[in-house]
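Take a look at the structure set out below.
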Amino acid sequence: MTFSITTWNVNSIRMRLDGLKHLIEAENPDVICLQETKVQDHLFPKDDITSMGYPHQAISGMKGYNGVAILSKVPLIDPEPLHWCEKEDCRHLFAGVNAGDELGELEVHCLYIPAGGDIPDPLKNPKFAHKLAFLDEQAHWWAARGEQGPERVLVGDFNVAPLISDVWSHARLKNVITHTEIEIIALAALQKSGHWVDAMRHLIGEEVPAYTWWSYRAKDWETANKGRRLDHMWVSPGLKSLLKNVSILKEARDWAPPSDHVPVTLCLSQK
DNA sequence: ATGGTAGGTACCCTA
């Protein structure tokens, strides 16, 4: 018995309904976490997604920007949006889900961390300051929350590529937002605060290049392969021994029309 | 060093 969960930054759910169908055909996950849905809740395409086999939907959206959603084959328990840095910007949603008799109830968190703009200096760039404050606030929240409660999964577009193997060129990107030292340190503090295990790296290994995002601006994204691992799947320590497989659906980058992020699917199992 | 593309929105923002 396995439980599988996908994370995908769709860059507009309304532009990605065909892609969502392809994802479901390819991976058939139990739960799907979406970021950058870019739609208000009353316009969310819930009927289309119900007919794809995901009638249980928790959504937290706004007009034009951001937006997160959790889609599930099985009921979602007490879904709750969270807001950070005194903004109402729809970047975090969590819900309980029954992952089967063996795994029991899991708490699934879908997260979209701010991108942070272009200038890698929080004093000159308020978007980067917001990103760092967001990471810091999250870290304090998880630390205060402690270890009680069910096992947890934290997935989404974290907009940070912490390892050398997470970027196409460490030298070229070390001063580029997503791979600067200050945000890598802030992400590490967040990881430590919740005792999170990086499930992708646990399964893939630390050294193997692994990317989940390729810019729209590259002419031939696959040949240039200037990718970054911006999307992450973290689990609480009790789930570490159940990590079975991770799949980065690279082919999704060629679906028409593509998101610049590809879906990542994690499988958990007792055996 | 620069500009390249995509999406939503409303003539510009964010990524």
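Naming convention: chains lettered A, B, ... in sequence-line order (proteins, then strands); numbering from 1 in each chain. Here the structure is a predicted model, which means the values were calculated and not measured.
- The CD1 atom of A:Ile119 sits 13 Å away from the P atom of B:dT14 (whole-angstrom rounding).
- The separation between A:Leu230 atom CG and B:dA15 atom P is 13 Å, rounded to whole Å.
- Nucleotides B:dT9 and B:dA15, compared at atom P, are 15 Å apart to the nearest Å.
- Atom CD1 of A:Ile164 sits in a sparse spot, with 12 or fewer heavy atoms from other residues, nucleotides or ligands closer than 6.0 Å.
- Between A:Glu36 and A:Arg16 no salt bridge is recorded (no basic side-chain N to carboxylate O distance below 4.0 Å).
- Within the 4.5 Å cutoff, the side chain of A:Val153 has no heavy atoms near those of the A:Met233 side chain.
- For the C1' atoms, the distance from B:dC11 to B:dG7 is 15 Å, rounded to whole Å.
- Comment: A:Asp41 does not engage A:Lys63 in a salt bridge, judged by the lack of any side-chain N to carboxylate O separation of less than 4.0 angstrom.
- Here the CG-CZ distance, from A:Asp260 to A:Arg217, works out to 9.5 Å after rounding to the nearest 0.5 Å.
- Nucleotide B:dC11 forms no Watson-Crick or G-U wobble pair with any nucleotide shown, as no partner meets the under 3.5 Å limit on both distances.
- The C1' atoms of B:dA10 and B:dT14 are separated by 15 Å, rounded to the nearest whole Å.
- Base pairing of B:dG4: no nucleotide in any strand meets the Watson-Crick or G-U wobble criterion (both distances under 3.5 Å).
- If you take CG of A:Asp118 and C1' of B:dA15, they are 9 Å apart, rounded to a whole angstrom.
- Judged purely by atom type and a 3.5 angstrom limit, A:Thr180 has no side-chain atom pairing as donor or acceptor with the backbone of A:Ile177.
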Could you write nucleotides 1-12 of chain B as a row of B, S and -, 5' to 3', where a protein heavy atom under 4.0 Å of any base atom gives B, of only sugar-phosphate atoms gives S, and otherwise -?
-> ---BBSBSS---

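- Remark: A:Arg91 is in phosphate contact with B:dA15, judged by side-chain N or O atoms under 4.0 Å from OP1 or OP2.
- The separation between A:Ile113 atom CD1 and B:dA15 atom P is 13 Å, rounded to whole Å.
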